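Only heavy atoms go into these numbers, but all of them, side chains included; no hydrogens, no water, no symmetry mates. So that the names make sense, note that chain A is the first sequence line, chain B the second, and so on, each numbered from 1. Values in this document were obtained by computation on a predicted structure and should not be read as measured data.
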Amino acid sequence: MVSVTFPDGAQRQFPEGVTGFEIAQGISPSLAKRTVAMALDGVVVDLADPIKTDARIEFLNREDPRALELIRHDCAHVLAEAVQTLWPGTQVTIGPVIENGFYYDFFRETPFTPEDFVAIEKKMREIIARDAPLTKEVWSREDAVSFFEKKGEAFKVELVQSIPGNEDLKIYKQGEWLDLCRGPHMTSVGKIGSAFKLMKVAGAYWRGNSDNPMLSRIYGTAFARQEQLDAYLKQIEEAERRDHRRLGREMDLFHFQEEAPGAIFWHPKGWTLFQTLVAYMRRRLSGDYQEVNAPQLMDKSMWEISGHWGWYRENMFMSKSAGDDTEDERTYAIKPMNCPGHVQIFKHGLRSYRDLPLRFAEFGIVHRYEPSGAMHGVMRVRAFTQDDAHIFCTEEQLAAECLKINELILSVYNDFGFGKILVKLSTRPEKRVGTDAMWDHAESVMMRVLDEIKAKHGDVIETALNPGEGAFYGPKFEYVLRDAIGRDWQCGTTQVDFNLPERFGAFYISPTSEKTPPVMVHRAICGSLERFTGILIEHFAGHMPLWIAPVQVVVATITQEADDYAYELIAAMRKRGLRVDADIRNEKINYKVREHSLAKVPVMVVVGKKEAQEKTVSIRRLGSQAQTSMTMEEAIAALIDEATPPDVKRANA
RNA sequence: GCCGAUUUAGCUCAGCCCGGUAGAGCAACCGCUUCGUAAGCGGUAGGUCAUCAGUUCGAUUCUGAUAAUCGGCACCA
């Protein structure tokens, strides 16, 4: 007998091996009918699974949040059946649930197109309407291999063979069709319902490896109810509206063109935005960091020493004199990173332990030959600016430096309105340099730091471990921020480096007069400033806080009679440092309001005959229909206060 | 880099299937209008149809190559 505990706390005895379905049926047939799966001690399993040990039981209906994954997974199976019915000979591979939906990878001569979706969805609805029960069988390895071989499912055969011998080989059947699957699944395909949609097609490598064949992937999503699907589709539209490439055009920030793939043409407004960000970051460095600048072109030997020429040459640009009969035949590399330059500055002159920690910062422009398919607006480009810094310190100073960097990163993110931050510690990878003792030491230091920042900032920080994901030269922290619509962006990073100072022969003189290689910490807060600008645009949906907005105020006139007053206002505002544009065109105020709203100008100051006479202004804020009237002086004071960057405000407080 | 799609006026898009050298809306420019918070009215101008080849009497249209972009995959020191 097994003892089963129900959610209300009641306990009942059942014969060992009783299924969830039998228990539900015993309680009431309607419960059994609406239950799609069960959870045993919190683990979701098939309702038809036998219960062999004492357990807490919960019956899941399709509205249960935990059932969503099942709906999507079942839907992936139905998608696969539909595709194989429509195009016999198509091979199935895997079809997992992912965030916001599912996909299924197929192998087929001609890839699918979105035009195929109509037919596939129709077939899927037919299959769901048939409502075949989903039943599980455990097969032997041999049976499974010979079955899939006979069907010509080479990928499934490979999957079967890769499942460890101690695991059951589970086959889920839905009527005639079956698939190898870990499960769990709902009781029947009819439970999927109708709130599903195929989203897009894409190529994807078998097992995620670019040496493997390319498969045709179909993405889809499914929800328990149609309203949820509709809400999700709306959210996608919202994300499209926020797309920085679209806003970049609408707000006239930047453009790209064919002659410079992966490089940004910043327009005046975009460059103002970018430089506002740089100015802010520069202020945040003062006192602790020394800003430096290292050459854009250096002889390739520099990169041979650093190791990059060997490891990353494919992703580097190089440059030579363009002259036909120049004597200079040297090959220069365009810097893909700033560290070697900073090591040279460190090495210039003899350093004492008394000089440490030494913190060199650079807004370093780097070029990397990114794969053509990786480029994405300003988010992934081939020429970008890092808010980079390298800290040279002693072993003893390492923990304190990591903590100091952490404080700065969190403070910066907070100033831009990012609330939730994830800090991941990536530890030693397979391929690495340095002794195990060094890694042990560094990892234990960083683990301690991680615990400390978690204890101190637990309200905004979540921490995680990323085993084996460290850089080859040392462990690292990665800072991931979450934007307004819940997307995660990895921006900041703190990396400990045992390797580079030694490669370049950098050292300092210790208290006992010994040459000692310093510990080097690489650190970036925004990462790529171009990308960070893009993230800010999407995070704020173009509606930038006043202190970052490239154009903070537009003064718009209603009639010509207010022109002189408008000029007076603009002069007064500019004098106090506000970024103001004038709109004295002969257009209706409706037209002007519409245009500047679309251009996402945060503040419109509207002046007509009345305001000119009374020396007042009518203020309209972006995203609001309301108008506030106040005197010119009140308005300027309020705007200046709001336009003061948060760090300057703190300093003034 | 790989799979698929796309590329026509500053922007958004039609025309291409069925070859006879282009069309709309918005923006721009010029007038008129001086107007109270998301598109006033009229007119004008603007395109070697991404590039290079091929087929053809003739190519924006058909074929091929190249480039860029988009959606994924892979990559991201």
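Nucleotides G36(B) and U44(B) place their C1' atoms 31 Å apart, quoted to the nearest Å. Look at the C1' atom in both A9(B) and C49(B): the space between them is 10 Å, to the nearest Å. Rounded to the nearest Å, the gap between the P atom of C26(B) and that of G20(B) is 29 Å. For the P atoms, the distance linking C75(B) with C2(B) amounts to 16 Å, nearest Å. For the P atoms, the distance linking A65(B) with C3(B) amounts to 12 Å, nearest Å. Nucleotides A45(B) and G23(B) place their C1' atoms 16 Å apart, quoted to the nearest Å. For the C1' atoms, the distance from C57(B) to C17(B) is 23 Å, rounded to whole Å. To the nearest whole angstrom, the two P atoms, one in C16(B) and one in U60(B), are 15 Å apart.
Residue Gly307(A) is out of contact with every strand shown, counting any heavy-atom pair closer than 4.0 Å. The residue Pro371(A) sits close to a base: some heavy atom pair falls under 4.0 Å. Asn209(A) comes within contact range of no nucleotide atom at all, as no heavy-atom separation falls under 4.0 Å. Nucleic acid contact class of His376(A) (heavy atoms, under 4.0 Å, all strands): sugar-phosphate only. Leu215(A) comes within contact range of no nucleotide atom at all, as no heavy-atom separation falls under 4.0 Å. As judged by a 4.0 angstrom heavy-atom cut-off over every strand, Tyr473(A) is placed among residues touching the sugar-phosphate backbone only.
Nucleotides of RNA chain B nearest to Phe256(A) and Met337(A) differ in position, and the one nearer the 5' end is that of Phe256(A).
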B/S/- along nucleotides 11-17 of chain B (protein heavy atoms under 4.0 Å) is SS-----
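Of the possible donor and acceptor atoms, one in the side chain of Thr221(A) sits under 3.5 Å from a partner among the backbone N and O of Asn100(A). Between the Lys592(A) side chain and the Thr557(A) main chain, a donor and an acceptor come within less than 3.5 Å of each other.
Closest to the side chain of Ser597(A), out of G71(B), A38(B), C75(B), is A38(B). Listed nucleotides: G1(B), G40(B), G36(B). Nearest to the side chain of Lys588(A): G40(B). When each of A28(B), G36(B), G72(B) is scored by its nearest atom to the side-chain atoms of Met214(A), the top-ranked nucleotide is G72(B). Of the candidates A39(B), G71(B), A77(B), the closest approach to any side-chain atom of Tyr591(A) belongs to A39(B). Which of A77(B), A50(B), A38(B) sits closest to the side chain of Asn590(A) comes down to A38(B). Distances were taken from every side-chain heavy atom of Lys609(A) (C-beta onward) to each of A38(B), A74(B), G36(B); the shortest belongs to G36(B). Comparing atom distances between the Val593(A) side chain and each of A68(B), U37(B), A77(B) picks out U37(B) as nearest. Candidate nucleotides C75(B), C73(B), U34(B) were compared by shortest atom distance to the side chain of Tyr205(A), and C73(B) ranks first. In the set C76(B), A38(B), G71(B), the nucleotide with an atom closest to the side chain of Arg620(A) is A38(B). In the set C76(B), A67(B), U37(B), the nucleotide with an atom closest to the side chain of Ile589(A) is U37(B).
Cation-pi geometry between Arg108(A) and Trp87(A) is satisfied (NZ or CZ under 6.0 Å from the ring centre, within 45° of the ring normal).
Taking atom CD of Glu259(A) as the reference point, atom P of U69(B) lies 11 Å away to the nearest angstrom. Distance Phe472(A) CZ to C76(B) P: 12 Å, rounded to the nearest Å. The nearest whole Å value for the distance from the CD atom in Glu314(A) to the C1' atom in C2(B) is 16 Å. We find that CG of Asn100(A) is positioned 12 Å from P of G72(B), with the value rounded to whole Å. One can place NE2 of His596(A) at 12 Å from C1' of U37(B), the figure rounded to the nearest angstrom. With rounding to whole Å, Arg207(A) atom CZ is found 20 Å from C75(B) atom C1'. Straight-line distance from the CD atom of Glu115(A) to the C1' atom of U6(B): 13 Å, rounded to whole Å. Atom C1' of nucleotide G71(B) and atom OH of Tyr103(A) are separated by 16 Å, given to the nearest angstrom.
In a base pair of the Watson-Crick type (N1 to N3 plus N6-O4 or O6-N4) or a G-U wobble (N1-O2 and O6-N3), with each distance short of 3.5 Å, G31(B) is matched with C41(B). Base pairing analysis places C62(B) opposite G54(B); the two distances defining the Watson-Crick or G-U wobble pair are each below 3.5 Å. Under the Watson-Crick or G-U wobble criterion, with both distances below 3.5 Å, A67(B) is paired with U7(B). As the counterpart of U12(B), A24(B) is assigned, both hydrogen-bonding distances of the Watson-Crick or G-U wobble pattern falling under 3.5 Å. Under the Watson-Crick and G-U wobble criteria, each requiring two contacts below 3.5 Å, nucleotide G47(B) is left unpaired. If you check C18(B) for Watson-Crick or wobble pairing at under 3.5 angstrom, you find it has no partner at all. The partner of G1(B) is C73(B), judged by Watson-Crick or G-U wobble contacts that both fall below 3.5 Å.
OP1 and OP2 of C35(B) both lie 4.0 Å or more from every side-chain N or O belonging to Thr559(A). Between G4(B) and Arg108(A), no contact under 4.0 Å exists linking OP1 or OP2 to a side-chain N or O. Applying the 4.0 Å criterion to OP1 and OP2 of C75(B), one finds that Tyr312(A) has every side-chain N and O outside that range. Within the 4.0 Å cut-off from OP1 or OP2 of G72(B), at least one side-chain nitrogen or oxygen of Lys200(A) is found.
The distance from atom CG of Asp497(A) to atom NE2 of His522(A), rounded to the nearest 0.5 Å, is 3.5 Å.
Nearest heavy atom pair, residue Phe477(A) against residue Met446(A), reads CZ-O, 3.3 Å.
A donor-acceptor contact under 3.5 Å is formed by the side chain of Glu611(A) with the base of G36(B). With hydrogens and angles ignored, a donor-acceptor pair closer than 3.5 Å exists between the side chain of Ser618(A) and the base of U37(B). Below the 3.5 angstrom threshold, one finds a donor paired with an acceptor across the side chain of Arg380(A) and the base of C75(B).
For the residue pair Tyr205(A)/Arg217(A), the side-chain donor-acceptor check at 3.5 Å is not satisfied. Thr385(A) and Arg531(A) form no side-chain donor-acceptor contact under 3.5 Å, judged by distance and modelled atom types alone. For the 3.5 Å distance criterion, the side chains of His596(A) and Asp583(A) qualify, holding a donor opposite an acceptor.
For the pair Glu614(A) and Lys610(A), the salt-bridge criterion is not met [side-chain N within less than 4.0 Å of a carboxylate O].
Remark: of the listed residues Tyr332(A), Trp311(A), Trp309(A), Tyr312(A), Trp309(A) is the sole one forming a side chain to side chain contact (heavy atoms under 4.5 Å, CB included) with Trp303(A).
With sequence neighbours excluded, the residues satisfying ring pair (Phe, Tyr, Trp, His ring centres under 6.0 Å) with Tyr219(A) are Tyr103(A).
Taking the six-membered ring where the residue is Trp, His77(A) and His73(A) present perpendicular rings, their angle passing 60° and hence far from 30°.
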